[in-house]
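Have a look at the structure below before the remarks.
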There are 2 protein chains.
Amino acid sequence: MKLAILFGGASYEHEISIVSAITIKEKLHNFTLEFIFCDQDHRFYKIDDKDMIAKTFASGAHKKMPQLSLDNGAFVQKKMFGSERLEMPVLNLIHGADGEDGTMASLLDFFDIAYIGPRPTASVFSYDKMHTKWFADAIGVKTVAYESMHSSQRGEIKTALPFIIKPARLGSSIGVSVIKEASEIEYALDVAFEFDDNIIIEPFIEGVKEYNLAGYSANGEVNYSIVEEPQKNEFLDFDKKYLDFSRSSSVSEAEISAALVTKLQSTFKTIYTHMFEGALIRCDFFVVDGEVLLNEINPIPGSMANYLFSDFEKVINTLLANLPQQRRPQVNYQYIHSINQAKGK
Amino acid sequence: MKLAILFGGASYEHEISIVSAITIKEKLHNFTLEFIFCDQDHRFYKIDDKDMIAKTFASGAHKKMPQLSLDNGAFVQKKMFGSERLEMPVLNLIHGADGEDGTMASLLDFFDIAYIGPRPTASVFSYDKMHTKWFADAIGVKTVAYESMHSSQRGEIKTALPFIIKPARLGSSIGVSVIKEASEIEYALDVAFEFDDNIIIEPFIEGVKEYNLAGYSANGEVNYSIVEEPQKNEFLDFDKKYLDFSRSSSVSEAEISAALVTKLQSTFKTIYTHMFEGALIRCDFFVVDGEVLLNEINPIPGSMANYLFSDFEKVINTLLANLPQQRRPQVNYQYIHSINQAKGK
């Protein structure tokens with residue numbers, strides 16, 4: 001099976017995406033892989049297997065590799081005579097901006113290239129934490145209470161201490177602060193607004209239970225990973241999350257009741273259905289007093305959460321066989337024809 | 001001032017977009033215009049001024065015109081020797097799919113081409129009528145009550161007769177039915193599901209007052225058009241709407257109280273702010289018992305609602321001077337460097 005891994009992007013998570021791509025390479029031995037790197041200037045490069053090491057990108061060596069451009073149906077490499085088309089589906093592995101905000105999904109849709117990853121609409125509802133709240137409210141999934149603030153309306157925070165301040169649109173804990181004393185607020189707001197004009201504020205719940213569950217749909221059914229209880233110290237900082245993206249060994253299942261597993265799965269299904277088809281997503285849940293709250297949707301989780309599945313290659317194959325189809329209307333110019341006829345043209 | 005009008009698209013509103021482009025050409029005499037046509041196969045063509053007539057497209061004559069491709073910073077025309085770059089901002093005038101769903105916005109963002117039009121996020125919240133409801137709920141703007149239905153869960157409708165059935169994601173009244181008798185329901189559902197897997201059902205409010213208001217923001221302030229009371233017979237059918245897209249003569253202001261104008265403007269502002277910056281949008285409101293309800297957001301209104309503004313060229317110039325700036329993070333590879341250092345590489 002042929003598959004192109006698309007990674008990089010002009011994003012704060014650019015480096016994490018490189019780590020993710022290197023990690024996933026080791027998990028897809030039975031695939032014929034191509035690697036497509038999107039640099040921070042939005043140029044695409046074809047990276048050789050042997051060059052799939054972090055140094056290639058950090059040193060700028062990728063700039064000497066063949067450039068690719070987008071064409072209808074495929075990424076294309078121009079050659080001395082003619083061109084070579086990379087005719088294969090794409091795994092969108094660009095975390096953060098470009099990948100998870102819907103940009104790359106729109107490009108791939110427009111150029112009619114099949115891909116694993118969230119569609120543009122699903123991206124908008126998962127990329128921005130405020131829009132995730134709106135989405136959850138609309139579909140009846142509970143989340144932690146929150147307030148939002150725009151940089152142009154910086155003011156008093158109503159949430160009681162302790163609380164968390166987060167930029168609305170970044171992952172991997174970038175710009176996030178846990179606030180325990182009022183004296184820490186102003187600096188934390190400065191930091192968060194450095195990354196985004198919209199921030200959200202949530203109460204910090206001491207000792208909350210956290211569970212991660214990944215899944216994807218095939219033939220109208222949702223398939224779930226095991227439930228993981230992530231290790232954490234207060235909240236994951238960027239360095240720790242960074243290492244998280246290179247995970248490849250499988251983890252052990254959380255020791256929770258079958259009833260809670262069912263509850264998590266059913267919440268996952270509500271979130272996924274008619275929105276995330278075509279993607280493998282990981283939902284991070286909180287459980288407070290037996291109630292399941294959605295914390296975050298990762299529509300392109302680090303290294304595709306491979307470590308939560310026993311047969312990751314089968315997962316990718318199944319997803320590839322179940323990608324959503326686009327409807328493109330046929331234009332027949334009947335209105336222009338009828339108007340011209342009426343005008344006698 | 002240079003400006004490229006981007007029109008067409010693989011959309012049910014493809015022909016309407018052509019009409020819009022032809023209409024707007026007459027309204028921007030003091031601009032140096034280029035015309036970029038996106039055909040239903042997603043190829044871009046540069047159309048000469050003199051060929052900006054409906055027949056060019058209906059006859060397929062556009063296929064003989066110069067093809068354009070997207071490059072960083074501009075649309076580019078390949079020439080025998082080298083290439084010519086269309087270095088100018090774009091007015092996104094593609095109605096419906098491709099234009100209003102965020103696809104073109106993502107492409108233009110990715111290739112770093114400045115444009116007038118809704119950004120990808122704003123597109124998602126205005127393109128799908130269900131997401132518009134979610135958005136309105138979140139920002140405290142009232143809408144008509146509704147229920148939604150997915151094609152896979154076709155079932156009983158709870159809304160009382162008479163009601164309207166609409167595909168969630170199409171404009172220009174395509175696939176819309178007003179249902180007065182139960183016997184009409186099944187056929188109307190068939191029609192609506194022909195166009196979209198998601199539909200919405202709203203009560204049909206007899207004799208509701210309808211008002212349209214357009215606007216855009218500049219220097220942090222929202223500028224409004226006059227308020228129009230659109231003519232209607234029950235609801236606009238496609239043929240009528242079609243003609244609507246070719247409007248160029250100014251209309252007369254609705255005869256309503258100053259208080260109602262203020263109410264409409266303040267609702268418009270709530271909808272627009274921090275979401276639609278960069279776009280000129282038209283909001284269609286209902287007024288029921290003195291209460292303002294949002295009916296629809298048109299983020300790329302027919303012929304840019306030019307007929308609602310007294311000085312349309314000034315509007316476009318002001319918008320061009322106030323387009324939102326993108327933030328692109330600088331990647332410095334500090335994490336990869338630090339990890340490699342730790343490994344002694």
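Below, read A as the first sequence line, B as the second, and so on, with proteins coming before strands; counting in each chain starts at 1. Every value quoted in this text rests on a predicted model; they were computed, and no experiment measured them. Every heavy atom of this structure was used, including side-chain atoms; hydrogens, water molecules and symmetry mates were not.
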Check whether A:His42 gets within reach of chain B through its side chain, its backbone, both or neither, counting any heavy atom under 4.5 Å.
both
Turns out that what part of A:Asp197 lies under 4.5 Å from chain B's heavy atoms comes down to both
Would you please classify the geometry between the B:His150 ring and the A:His274 ring as parallel, tilted or perpendicular, with 30° and 60° separating the classes?
parallel
Would you indicate whether B:Gln326, at its atom CD, is surrounded by more than 12 heavy atoms from other residues, nucleotides or ligands within a distance under 6.0 Å?
yes
With the side chain counted from C-beta on, respond yes when A:Met104 and B:Phe110 share a heavy-atom pair under 4.5 Å apart, and no when they do not.
yes
Closest heavy-atom contact between A:Gly102 and B:Ser106?
O-OG, 4.0 Å
Spacing of CZ belonging to B:Phe135 relative to NE2 belonging to A:His131, to within rounding of 0.5 Å:
8.0 Å
To the nearest 0.5 angstrom, please state how far the CG atom of A:Leu107 sits from the CG atom of B:Leu107.
4.5 Å
Can you tell me which portion of A:Thr121 sits under 4.5 Å from chain B's heavy atoms? Options are side chain, backbone, both or neither.
both
Any B:Asp109 side-chain heavy atom under 4.5 Å of A:Thr103 side chain:
no
Is A:Ala10 in contact with chain B via its backbone, its side chain, both, or neither, using a 4.5 Å heavy-atom distance?
both
Within the side chain of B:Asn72, is there an N or O that forms a donor-acceptor pair under 3.5 Å with the backbone of A:Arg43?
no
I want to check something: taking the side chain as every heavy atom from C-beta on, are B:His14 and A:Asn332 in contact at a cut-off of under 4.5 Å?
no
Check whether any side-chain heavy atom of B:Tyr333 sits under 4.5 Å from a side-chain heavy atom of A:Ile18, and report yes or no.
yes
For B:Pro120 and A:Val124, the nearest pair of non-hydrogen atoms, with its separation, is O-CG2, 4.5 Å
Heavy-atom count check: over 12 atoms from other residues, nucleotides or ligands less than 6.0 Å from A:Gln153 CD?
yes
Please answer whether the main-chain N or O of B:Val331 pairs with a side-chain N or O of A:Gln40 as donor and acceptor at a distance below 3.5 Å.
yes
